[in-house]
Amino acid sequence: MIHASPRNPAAASTAAATMPPKPDLRHAFGRFPTGIAVVTMLDGEGMPYGATINSFVSVSMAPPMISWNVVRGSLAHSTVSQARRFVINVLAKDQRSLAQKMTGPVTERFTDVQYRPSEWGLPVIDGTLAAFECNVHSMVTAGDHDIVLGIIDNFEHREGRPLVYWQGAYATAAQYDTQG
């Protein structure tokens, strides 16, 4: 089934009223696989804070910039708004339990998690495929979320396969045949 919205901006309120139910829209979004990352930073008391995200994306090479989305009014939103610095830790296929842990109780998210401090003391999680240490460039309002744009100050990476999210569940990326 195709759900269409009008192209006329004046009809946007009509489109919102005729949009499919949220579960249908969520299922449609779920057809696009995304990588899984954990954003880490320090809270107002200097304690490590982390949250699992699947909205990380590269934005620009010059300047080097990334983005991720955060729900306005959430603890993650207030923490990044205050901290203004963060690390994006791109998870490897064997880090599913870490992704799940970073969605649990805040006080337990870093229990038994191996990490080291970045140059600015931010948590860089061990074993990730890549880590990007960033300054907040800006936060752009987009619906019920803000898009966090970050300027990359430092980064590191290694070989490996990523953890992905597809159709509402964690998965691993398939090996693609480059010969045919």
Side-chain angles (χ1 to χ4, degrees), residues 26 29-30 32-110 113-166 170-173:
R26 187 173 300 276
F29 285 157
F32 182 69
T34 61
I36 299 294
V38 170
V39 60
T40 56
M41 59 198 90
L42 298 177
D43 67 14
E45 297 175 6
M47 299 300 296
Y49 173 83
T52 299
I53 61 170
N54 71 335
S55 58
F56 166 70
V57 66
S58 61
V59 174
S60 171
M61 293 293 287
M65 185 181 288
I66 59 88
S67 74
W68 58 283
N69 303 337
V70 62
V71 175
R72 211 170 314 100
S74 67
L75 180 57
H77 187 276
S78 62
T79 304
V80 73
S81 295
Q82 177 270 324
R84 307 300 292 174
R85 297 191 68 73
F86 60 89
V87 176
I88 298 292
N89 300 271
V90 178
L91 300 189
K93 71 176 185 173
D94 61 346
Q95 293 181 307
R96 179 183 304 202
S97 62
L98 174 62
Q100 293 168 326
K101 183 175 199 135
M102 291 293 171
T103 66
V106 173
T107 57
E108 298 174 19
R109 290 184 185 178
F110 278 88
V113 172
Q114 300 296 309
Y115 67 92
R116 66 191 181 288
S118 71
E119 285 185 26
W120 294 298
L122 303 178
V124 177
I125 298 173
D126 292 346
T128 59
L129 294 182
F132 302 89
E133 188 170 21
C134 302
N135 279 309
V136 172
H137 173 272
S138 58
M139 294 174 69
V140 180
T141 299
D144 59 358
H145 284 64
D146 277 355
I147 301 167
V148 179
L149 293 164
I151 300 290
I152 301 168
D153 290 321
N154 294 304
F155 70 94
E156 60 187 56
H157 62 93
R158 70 175 180 87
E159 294 299 315
R161 292 195 182 163
L163 181 63
V164 299
Y165 199 73
W166 181 61
Y170 293 108
T172 57

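Asp126 is linked by a salt bridge (Lys or Arg N to Asp or Glu O under 4.0 Å) to Arg116, counting only residues two or more places apart in sequence or in another chain. Not counting sequence neighbours, the partners of Phe132 by the ring pair (Phe, Tyr, Trp, His ring centres under 6.0 Å) test are Phe56.
Here the side chains of Glu133 and Phe155 are not in contact, with every heavy-atom distance at 4.5 Å or above. Counting heavy atoms from C-beta on, the side chains of Met65 and Leu149 come closer than 4.5 Å. With contacts defined as side-chain heavy-atom distances shorter than 4.5 Å, the pair Tyr165/Pro33 does not qualify. Annotation: side chain of Ile151 is not in contact with side chain of Cys134 (no heavy-atom distance under 4.5 Å). With a 4.5 Å cut-off on side-chain heavy atoms, Val164 and Tyr170 do not count as touching. Put simply, the side chain of Val106 reaches to within 4.5 Å of the side chain of Tyr49, judged on heavy atoms. By the 4.5 Å heavy-atom criterion applied to side chains, Ile66 and Val57 are not counted as neighbours.
Between the side chains of Asn154 and Ser118, no donor-acceptor pair of N or O atoms lies under 3.5 Å.
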### Query
Taking it one step at a time, do Trp68 and Phe86 satisfy ring pair (Phe, Tyr, Trp, His ring centres under 6.0 Å)?
CA-CA 11 Å; Trp68 58 283; Phe86 60 89; 5.6 Å; yes
### Task
For the pair Met41 and Val80, evaluate side chain to side chain contact (heavy atoms under 4.5 Å, CB included) and give the outcome as yes or no after the intermediate values.
CA-CA 7 Å; Met41 59 198 90; Val80 73; 3.7 Å; yes
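The only member of Leu91, Asn89, Thr52 that meets side chain to side chain contact (heavy atoms under 4.5 Å, CB included) when paired with Met102 is Thr52. A side chain to side chain contact (heavy atoms under 4.5 Å, CB included) with Ile53 is found for one member of Val39, Ile36, Asn69 and no other, namely Val39.
Thr40 contributes atom OG1, which lies 8.0 Å from atom CD1 of Ile88 (distance to the nearest 0.5 angstrom). Here the NE2 atom belonging to His137 is positioned 13.5 Å from the CE atom belonging to Met139, to the nearest 0.5 angstrom. Distance check: Met47 CE to Thr107 OG1 gives 10.5 Å after rounding to the nearest 0.5 Å. Atom CD of residue Gln95 and atom CG of residue Leu129 lie 7.0 Å apart, to the nearest 0.5 angstrom.
Identified under the salt bridge (Lys or Arg N to Asp or Glu O under 4.0 Å) test for residues 93-109, with sequence neighbours left out: none.
In this structure, the side chain of Arg158 engages the main chain of Thr128 through a donor-acceptor pair within 3.5 Å. Remark: side-chain polar atoms of Asp146 are not paired, donor with acceptor, to backbone N or O of Val148 under 3.5 angstrom. With Arg72 contributing its side chain and Gly143 its backbone, the two residues share a donor-acceptor pair below 3.5 Å.
A 6.0 Å sphere centred on NE2 of His145 holds more than 12 heavy atoms belonging to other residues, nucleotides or ligands.
For the residue pair Tyr115 and Pro123, the shortest heavy atom distance occurs at CD1-CB, 3.7 Å. Closest of all the heavy-atom pairs between Leu42 and Gly121 is CD1-O, 3.6 Å. The shortest non-hydrogen separation linking Leu163 to Ala171 is CD1-O, 3.4 Å.
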